[in-house]
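This report refers to the structure that appears directly beneath it.
All figures in this text were calculated on a predicted structure; none of them were measured in a lab.
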Amino acid sequence: MTRKPLNRNVLKSAIVAAIIGGAGAVALSGDAVRPAAKAERIDPTIEEMIKQARGLQKVGRWEAAADLLTQLASDGHPVALYHLGRAYKNGWGVDADLDQARLIFMEAVRYSFAYRGETAYELGRLFQRSSGERCAEIALQWFHKALGWDYPKAHVQLAKHYERGIGTERDLTLAFHHYEKAAIAGYPSSTINYARILLNGRYGSTPNPEQALFWAERAIAGLEKKARDGSASSAKTLGRLYRDGEFMTADRALARDWFLRSADLGDAGAMHDLALMMLATSDDKDTVQEALKWLRLAAKAEHGGALTGLARLHLKEKHGLDADAAVELLERGVAAGHPGAMEELGRLYAKGKLVEQDRTKAFELARKGADRGHQGSATLLEELQKTDEANLTILLRTTPQDTSNKEG
């Protein structure tokens, strides 16, 4: 008997309706409250179906996997909710939808189950990509929850938050603590960041090249092992190291191979980096079209850098692209929390190009980007302030002063 294809849109609506209550309201309002834990139901049949869905993902049958996970998630199984949330975050068999992913993760994290720490970590990552006023602070809270629920990868993000003062005051002692903990726990991407700090002596610390190379060699070995075992993130990091010649001799061919491996595994960041490297190194028509393909795939997954990079190509009308499409891409980039998109869209509003001129919106966008430490946004904010000050000076000089004597 032929199985009738599932209508994922209907099932999606059903899931949203089921979880939009307490957990959904928390996700949309941005409040990181401690959810009341619910017990996970142990069912061997469901566990076997989840394994089947994961197996389908590993062989690239993303839609079939998403169908199966949707069925299980609609019944409230937390492990299925976790994997379905990741599918919506990455566009694996469904259209990428970060709001939907956040709703699903918020429901899953209410359960006390094996992936609770990972779910809290994913929520932290999603709040990092959001542009709301308290999102960076809320992200930090979720990473602390993830660590409390025995997910040591949270050290990676906590180190970044404390190093850069994101959502909290900068605290280098805490940053170095989390970097070292991440390195010891075997997270090579974070170990590379730690090696960079040791090598360059950032923030007034004393450079320690010997220790930097020790951690870098350990990290690279770990990255290669994880990448060969199927880690998209590790392959992406290796691509960046070979591209930039950091702690090793630069090798563009190897960088491309690692980026391609990561992109094939579904990593939107690798798709973005691969596309930009291809565009920077060749004007060949076929190469350009392949690069645009990867950039569009990354943008479809709501990768902020890809949305911004693609929008910039549209603005310049390169490769036959239409400038009018840039605004919608930049709006999505802003929604994904990318400060480069904030700068570019802010400049359009400041000039009234492709949008109705609105200096208030331009200021808001520039301020948001500058608050995230983005230099281009900070420069735009300064330009807008100087222009307003100059306009005010001109206005005061040209406005006639009332010098008449009037008796009160």
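Note on Glu47 versus Lys51: no salt bridge recorded, every NZ/NE/NH1/NH2 to OD/OE distance being 4.0 Å or above. For Glu246 and Arg240, the salt-bridge test fails: no basic side-chain N is under 4.0 Å from an acidic carboxylate O. In this structure, Asp273 does not pair ionically with Lys236, as no charged nitrogen and carboxylate oxygen lie closer than 4.0 Å. For Asp229 and Lys226, the salt-bridge test fails: no basic side-chain N is under 4.0 Å from an acidic carboxylate O. Salt bridge status for Arg367 with Asp371: absent, with no side-chain N to carboxylate O gap under 4.0 Å. Salt-bridge formation is detected for the pair Asp388/Arg359: a Lys NZ or Arg NE/NH1/NH2 atom is positioned less than 4.0 Å from an Asp or Glu carboxylate oxygen.
Between the CG atom in Leu198 and the CG atom in Asn208 there is a gap of 6.0 Å [rounded to 0.5 Å]. Rounding to the nearest 0.5 angstrom, the gap separating the CG atom in Leu315 from the CD atom in Glu344 is 6.0 Å. In this structure, Thr191 OG1 and Leu223 CG are separated by 8.0 Å, a value rounded to the nearest 0.5 Å. The structure places CZ of Phe105 at 9.5 Å from CG of Leu81, a figure rounded to the nearest 0.5 Å. Between the CD atom in Glu383 and the OG1 atom in Thr387 there is a gap of 7.0 Å [rounded to 0.5 Å]. Atom CH2 of Trp92 and atom CG of Leu69 lie 10.5 Å apart (nearest 0.5 Å).
In terms of modelled atom types and a separation under 3.5 Å, the side chain of Ser262 and the main chain of Trp258 share no donor-acceptor contact. With hydrogens and angles disregarded, a donor-acceptor distance shorter than 3.5 Å links the side chain of Ser74 to the backbone of Gln71. A donor-acceptor pair under 3.5 Å is formed between the side chain of Ser130 and the backbone N or O of Leu126. Side-chain atoms of Arg332 come within 3.5 Å of backbone atoms of Ala299 as a donor-acceptor pair (strictly under, hydrogens ignored). A side-chain donor-acceptor contact under 3.5 Å links His314 to the backbone of Asp322. Under the 3.5 Å distance criterion, the side-chain polar atoms of Asp97 are matched with a main-chain donor or acceptor of Asp99. Tyr111 places a side-chain N or O within donor-acceptor distance of the main-chain N or O of Gly76, the cut-off being under 3.5 Å. Not one N or O on the side chain of Ser282 forms a donor-acceptor pair closer than 3.5 Å with the backbone of Met278. Side-chain atoms of Asn200 come within 3.5 Å of backbone atoms of Arg196 as a donor-acceptor pair (strictly under, hydrogens ignored). Using modelled atom types, one side-chain atom of Asp284 and one backbone atom of Thr287 make a donor-acceptor pair closer than 3.5 Å.
Counting heavy atoms from C-beta outward, Leu330 and Met342 have side chains that stay 4.5 Å or more apart. Side-chain contact between Arg256 and Leu260: present, with at least one pair of heavy atoms (C-beta onward) separated by less than 4.5 Å.
When every heavy atom of Tyr121 is checked against every heavy atom of Phe143, the shortest pair comes out as O-CE2, 3.4 Å. Counting all heavy atoms, side chain and backbone alike, Leu158 lies closest to His178 at CD1-CE1, 3.6 Å.
At a cut-off of 3.5 Å, with distance as the only test, no side-chain donor of Tyr82 or Glu118 sits close to an acceptor on the other residue.
Within the structure, ring-ring contact (aromatic ring centres under 6.0 Å, His included) pairs that include any residue of residues 290-309 comprise His272-His303 (at least two apart or interchain). Every pair passing salt bridge (Lys or Arg N to Asp or Glu O under 4.0 Å) that includes a residue from residues 162-188 is listed here, sequence neighbours excluded: Glu163-Arg202.
Side-chain rings of Tyr187 and His155 stay apart, their centers remaining 6.0 Å or farther from each other.
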Next on the checklist: Determine whether Asp264 and Arg261 satisfy the following criterion, salt bridge (Lys or Arg N to Asp or Glu O under 4.0 Å), listing intermediate values before the conclusion.
Outcome noted: CA-CA 5 Å; Asp264 283 337; Arg261 179 179 296 216; over 6 Å; no
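The 12-atom threshold is exceeded at NZ of Lys293, counting heavy atoms of other residues, nucleotides or ligands nearer than 6.0 Å.
Judged by a 6.0 Å distance limit and a 45° cone about the ring axis, Arg243 is not positioned over the six-membered ring of Phe259.
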